Amino acid sequence: MSNAKEVEHMEEDEMEDEFSAESSSSSNGEEDDSDMDEDGEPDDNEADEGTKKVYLPGKKIEDNEELVVDESAYRMIHRAQTGAPCLSFDVLKDDLGPSRENYPMTMYLIAGTQAPRAHVNSLLVMKMTNLYGTKQKNGSDDESSDSDEEDDEKTPVMSTATIKHQGCVNRIRCSQVGNTIFAASWSELGRVSLWDLREQLSAIDDPVLLSSYQRKYSKSDNEVKAAFTFKGHLSEGYGLDWCPTEKGTIASGDCKGNIHVWRCDDSGRGQIWHVDQRPYSSHAPHSVEDLQWSPSERNVLASCSVDKSIKIWDTRANPQSACMRTASNAHSTDVNVISWNKKESQFLVSGGDDGAIRVWDLRHFRNDGASPLATFKQHTAPVTTVEWHPQEATVFASGGADDQIAQWDLSVEADDSEDIEDEDLSKLPPQLLFIHQGQTDVKELHWHPQCPGTMISTALSGLNVFRTISV
């Protein structure tokens, strides 16, 4: 893996949406091309073609400078709007095949909105199609009489089926149980609901069915009903994760420090959900911020909290004695997010309010304390999301309230023979591969498990779908 650092530049004013969830099946949102010529290139009469240089977060932008996206640093980049912003989303696995890298791409997502009023929130089941790579998108012949038609053919399309949701969606996670894809949603009203997505997924694959679906649920007295709702939490929460090795098992954690484990009974009487009413409460009274099941052991769960700790649980044990190991001061402030390495399950990465990212070897976790393998301080504000790459054991990504998304590779080492002329670039850690910008207040990111290197991120300013040249 190369240790070359590519930094993406983008000004917020340039974040015109390419496609929007507000249209039933597609939209023709136009790019803001006031500073572009007819070929989509910067107009020499409008912009100074001065010396281009790398912009790093925190640098002062002079009056005669502007930030622009360098599309040569991307294999693909698209932007979308969802009406109300989304705090959380998840990738829905599909039947289109694994390891697909050909463009245009198609992908399925589910997101939950954060609307100003509780009763106008929704779950958005989305199908994105026509996601072209940057070379395809910008590769049309000059002065072609069919250029407008070609541009229309390369316009991204998003089909959306909505589900009314009471309260803002704090977090949403999905999993397949039997032949059904379920989404679990954490509501700000303090309950966790499970949703059967079969009807919505059928609708977004067929325009006729989608139109029928919208007519059916546009009526105020007709709403999609949750398959199951748990109201036993004492407050709202954010911790939520499906167990990857035991289908139908889920854990949810709340802001009072309580974690409940659910299991599905699918023994021929239909899917019946059982929630253990005895909470795992070692974090109490501090909020549980994130939960992660082990990718290799079905009874092992990790949690992180406002109490600055990361805990490892054995869910076979009595909740009072289930906490096996604790890193008591994993961060200097709240630990917001954790991610368990899917390929090397002894490793965990965490992100905190202190802006730090820390990599842990769980074999060294002890109740009397633990030291991280590595600490990175690239972020200048709270880290709100981290995730390991699903196929590359040394690669992960992080995002935060500083509007940055960073890609990292732990296998990269400093090259003493490399001479970096830019003093600011020379100060960056060699493991930092790429900085993506252009979104305001990044909330969550995910690698697409079936499209290598492809990332999706959500922020207050909307969704980004992209793949960099670094991963």
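This structure is a prediction, so every number in the text was calculated from the model and none was measured.
Checking side-chain atoms of Asp290 against main-chain N and O of Ile338 turns up a donor-acceptor pair under 3.5 Å. Checking side-chain atoms of Ser218 against main-chain N and O of Gln214 turns up a donor-acceptor pair under 3.5 Å.
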His389 vs Phe396, side-chain contact (heavy atoms from CB on, under 4.5 Å): CA-CA, chis, key distance, verdict: CA-CA 5 Å; His389 192 289; Phe396 68 89; over 6 Å; no

Check against side-chain contact (heavy atoms from CB on, under 4.5 Å), Ile405 and Leu445: CA-CA 8 Å; Ile405 292 175; Leu445 63 83; 4.0 Å; yes

Derivation of the side-chain hydrogen bond (donor to acceptor under 3.5 Å, both in side chains) call for Glu289 and Ser305: CA-CA 5 Å; Glu289 296 295 278; Ser305 170; over 6 Å; no

Audit row: Thr468, His436, side-chain hydrogen bond (donor to acceptor under 3.5 Å, both in side chains) steps and yes/no: CA-CA 9 Å; Thr468 73; His436 170 80; over 6 Å; no

Verdict with reasoning, Val349 to Arg358, per side-chain contact (heavy atoms from CB on, under 4.5 Å): CA-CA 6 Å; Val349 63; Arg358 290 186 169 167; over 6 Å; no

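The stretch residues 286-313 participates, sequence neighbours left out, in these ring pair (Phe, Tyr, Trp, His ring centres under 6.0 Å) pairs: Tyr280-Trp313.
Rounding to the nearest 0.5 Å gives a distance of 8.0 Å between OG of Ser235 and CG of Asn258. To the nearest 0.5 Å, atoms CG (Asp354) and OG1 (Thr333) are separated by 4.0 Å. Between atom CG of residue Leu463 and atom CD of residue Gln439 there is a gap of 7.5 Å, rounded to the nearest 0.5 Å.
For the residue pair Gln378/Gln404, the side-chain donor-acceptor check at 3.5 Å is satisfied.
The aromatic ring centroids of Phe347 and Trp340 lie 6.0 Å or more from each other. Less than 6.0 angstrom separates the ring centroid of Trp408 from the ring centroid of Phe376. Ring centroid separation for the pair Tyr74 and Phe434 comes in under the 6.0 Å cut-off. For Tyr132 and His78, the ring centers sit 6.0 Å or farther from each other.
Qualifying salt bridge (Lys or Arg N to Asp or Glu O under 4.0 Å) partners for Arg363, counting only residues two or more places apart in sequence or in other chains: Asp361. Checked against salt bridge (Lys or Arg N to Asp or Glu O under 4.0 Å), Arg467 has the following partners two or more places apart in sequence or in another chain: Glu101. Residues satisfying the side chain to side chain contact (heavy atoms under 4.5 Å, CB included) test with Thr180, not counting sequence neighbours, are Phe182, Asp196, Arg198, Gln271. For the salt bridge (Lys or Arg N to Asp or Glu O under 4.0 Å) test, residues two or more places apart in sequence or in another chain that qualify with Asp276 are Arg278. Not counting sequence neighbours, the partners of His446 by the ring-ring contact (aromatic ring centres under 6.0 Å, His included) test are Phe89.
The only member of Leu210, Leu124, Leu109 that meets side-chain contact (heavy atoms from CB on, under 4.5 Å) when paired with Thr160 is Leu124. Looking at Ser187, Cys255, Cys168 one by one, the single match for side-chain contact (heavy atoms from CB on, under 4.5 Å) with Glu236 turns out to be Cys255.
With respect to the salt-bridge test (charged N to carboxylate O, under 4.0 angstrom), the residues Lys127 and Asp205 qualify. Here Arg173 pairs with Glu444 in a salt bridge; the nearest charged N to carboxylate O distance falls below 4.0 Å. Under the 4.0 Å criterion applied to side-chain N and carboxylate O atoms, Arg100 and Asp94 are assigned as salt-bridge partners. Using a cutoff of 4.0 Å between basic side-chain nitrogens and carboxylate oxygens, Glu297 and Arg316 are not scored as salt-bridged.
Annotation: Lys247, atom NZ; neighbour count of heavy atoms from other residues, nucleotides and ligands within 6.0 Å is above 12. A 6.0 Å sphere centred on NZ of Lys308 holds no more than 12 heavy atoms belonging to other residues, nucleotides or ligands. The number of heavy atoms from other shown groups lying within 6.0 Å of NZ (Lys443) is above 12. Within a 6.0 Å sphere centred on NZ of Lys164, other residues, nucleotides and ligands contribute more than 12 heavy atoms.
Between His233 and Phe230, the ring-plane angle classifies as perpendicular under the 30° and 60° cut-offs.
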